[in-house]
Every structure is written in structure tokens, then in C-alpha cells.
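Structure record follows, encoded as C-alpha cells.
Just so it is clear, the structure is predicted and the values come from calculations on it, not from any experiment.
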Amino acid sequence: MSPLLYYALPALGGYVMASVFFLRRPGLLHRPWAPTFRPRLVAHRGGSGERLENTMEAMENALAQRADFIELDCQLTRDGVVVVSHDENLSRQSGLDKDISSLDFKDLPLYKEELEIYFSPGHFAHGSDRHMVSLEAMFQRFPRMPMSVEIKEKNEELIHKIAGLVRRFDRNEITVWASERSSIMKKCRAANPDMPTSFTISRGFRVVLLYYLGLLPFVKIPEKYFFCFLPNIINRTYFPFSCSVLNWLAAVVSKWLIMRKSLIRHLEDRGVQVIFWCLNEDSDFEAAFNVGAAGVMTDYPTALRRYLDNHKPLAPVS
């Protein structure tokens, strides 16, 4: 045995043993964050499969199904009103080919009478309420309902207005910053550092990489929520690529990389709640919870509520 291997192999073995040990016992290195709420049932856009997305009617329906958490996206109107809307352009939602930023709040159009459900292609939602609403009105109506607020564009005015509304309604602990881009998340944290944050795409990839390198137990994790797609839905209800072969490959690879109970358990033990999106079938609910997810994001809160009520954990035997 060469001198290099003589020292390298024991060092590598010791590193692997330490990594596995602290992966299972992260509390020895890190003080876990105690969450304010447990988001088992997360309503995507307020439950966009059962009512028109992001309307007050959708939110009321989600509350009726005892949703724990509401997922929202926000845009900014020309007169500075923060609007709950997934899209900046109004074509898909209303048929009007204009950006929200080009209109005053009072001039925003009604939603269409029906909207296709993004994660249930070929299915449509309807509702009697077709009005777009402001984030302020949402906070007034549902003052203690936990919500995530996703920012899609680097709009500092929008970010600071949301941060101010969260402070004014005393919602720092129950409103989560969300964005796919780390550059935007950096500005969100600066605007209101008291709000918990979720992983961006690059940060999510980093966590998975650190897990496989064995470094995750030794790295600080500032985020509190991991909103992660469930690989099972790729090429079925979620199509990230235009090529079906790439979608199939993405489903296989991501399932192998992400669906690891030890990874999700470690994050949970560190105080990071993993929420899989956007799931609309019982088989997907089961796959998410079986791997250890804290919660599920769905377009159909009624279906997820029925599943949760029928799969309550058994009481311990005394």
C-alpha cells in the first residue's frame, strides 16, 4: 500500500462515518428551528382546481377544507397596489393582452369564467367570484392564515411593499418569502429579514449535492421551507421540457436524487419543512407523505383533506 493510500483510506473512512453519524443526529451540530405552524395541506393559488385561482372565493374554500397554508404569487399595478396574481400578463387569466404593471388597480379586468388548471391539463376551474384582489385585502380577510408569497421578477418596489404589509399586519412569522431566483431572494431577505425563506432553485440543487457529498450535516441552512416538485408528476402533469424524452429522463434522475427518506428526515430534524408540489391525486399524496414530506401543495384542497382524514396516524398503543 502506498503511503498516500495508507493515510487517505482511514481519513476517508472516518469522514464517511462522521457524515452518516451527524446526518442522523443533526441536533448535535445545529439548533433546529421550531416552526410556528405545520403546513400539511397547502392550497396552490388558493386551490385553483376548485375555484378560480387567487380569488377570495378560492381562499374561503381552502379554509373550509382546513388548509394550513396558502401559496400565492404577487404583482404590482401601475398605481402601486400589490395584487395576488400568478401572471404579470393578463392574457391567460382574463383574455386582455396587457401587463398588470400597465394598469391601475381599479382597471384590472375580471378573470375568465373558466381557467385551465395548470397541473391538471384538460381540466378547468369555475367560480362565481372573478375579481382580482390585493394582498392587503387578503391579509385583512385572513389575518392569521399562513401564506407564502412568491416573487417572480426583480421588482424592488414590489418587494418592499410586501415587506411593509407583512410588518403592518404583524405576519412576520407566518408569511414566507418564495422565489426561484437567488438574486431576488437576497433582496427579499434584505427588505424583511424576519420573514422565513424558502429554497431557491440553485439553493435546492446545492442541498442535494451536499447530501451526496456527505457535507450537508456540517453546513448551515438558513432556509425554513423547501418547496420541491414531486418527480412522479414529471411527464404526466408537469412538463418542464418540450421534449418528452427529456421529461422522462428528468423524472427518472430527479426521482433517484430527491426521493430519499434520509435526506428529508435530516432536513426535518434541522427545522426545514419539505413540501412537495403540485399534487392532485391520491397516489401522489401518498408518495410524498411516505417519503417524509411535511406537507403537500395541491390545486384540490378537498381531495387532499379527504386523503388526510382517511390516513390519520395511528394513536400509540399504551
Inset, instruction - Check whether any side-chain heavy atom of Arg45 lies under 4.5 Å from a side-chain heavy atom of Asn54, and answer yes or no. - result: yes

Legend entry - Ring geometry between Trp277 and Tyr238 (parallel below 30°, tilted from 30 to 60°, perpendicular above 60°): perpendicular

Legend entry - Basic-acidic side-chain contact under 4.0 Å: Glu88, Lys152: no

Inset, instruction - For Asp129 and Glu57, indicate whether the former's side chain and the latter's backbone hold a donor-acceptor pair under 3.5 Å. - result: yes

Inset, instruction - Mark yes or no for whether Trp177, through its side chain, and Asn192, through its backbone, hold a donor-acceptor pair below 3.5 Å. - result: yes

Inset, instruction - For the pair Ser134 (side chain) and Ala137 (backbone), establish whether a donor and an acceptor sit closer than 3.5 Å, ignoring hydrogens and angles. - result: yes

Inset, instruction - State whether the side chain of Asn89 and the backbone N or O of Ser91 hold a donor-acceptor pair below 3.5 Å, judged by distance alone. - result: yes

Pairs of donor and acceptor atoms involving the side chains of residues 111-119, under 3.5 Å and at least two apart or interchain, shall be tabulated with distances.
{"from": "Lys112", "atom 1": "NZ", "to": "Arg92", "atom 2": "O", "distance (Å)": "3.2"}
{"from": "Glu114", "atom 1": "OE1", "to": "His126", "atom 2": "NE2", "distance (Å)": "2.8"}
{"from": "Glu116", "atom 1": "OE2", "to": "Gly122", "atom 2": "N", "distance (Å)": "2.8"}

Inset, instruction - Using modelled atom types only, decide if a donor and an acceptor are shared between the side chain of Thr298 and the backbone of Pro301 within a distance under 3.5 Å. - result: no

Legend entry - Under 3.5 Å: donor-acceptor pair, side chain of Asn310, backbone of Arg306: yes

Legend entry - Distance-only polar pair, side chains of Asp99 and Ser101, donor-acceptor under 3.5 Å: no

Inset, instruction - Tell me whether the centres of the aromatic rings in Phe37 and Phe69 are closer together than 6.0 Å. - result: yes

Inset, instruction - May I ask you to decide if Asp299's main-chain N or O and Glu50's side chain share a donor-acceptor pair within less than 3.5 Å? - result: no

Legend entry - Arg40 bridged to Asp68 by N-O distance under 4.0 Å: no

Inset, instruction - Sequence neighbours left out, what passes salt bridge (Lys or Arg N to Asp or Glu O under 4.0 Å) with Asp309? Give chain and number order. - result: Arg66, Arg305

Throw together a table of side-chain donor-acceptor distances under 3.5 angstrom for residues 205-218, partners on residues two or more places apart or in other chains.
{"from": "Tyr211", "atom 1": "OH", "to": "Ser262", "atom 2": "OG", "distance (Å)": "2.4"}
{"from": "Tyr212", "atom 1": "OH", "to": "Trp256", "atom 2": "O", "distance (Å)": "3.3"}
{"from": "Tyr212", "atom 1": "OH", "to": "Leu257", "atom 2": "O", "distance (Å)": "2.8"}
{"from": "Tyr212", "atom 1": "OH", "to": "Arg260", "atom 2": "NE", "distance (Å)": "3.2"}

Inset, instruction - Using atom types as modelled and distance alone, determine if a side-chain donor or acceptor of Arg51 lies under 3.5 Å from a backbone N or O of Ala125. - result: no

Inset, instruction - Output yes when a side-chain donor or acceptor of Gln75 lies under 3.5 Å from a complementary backbone atom of His86, and no otherwise. - result: yes

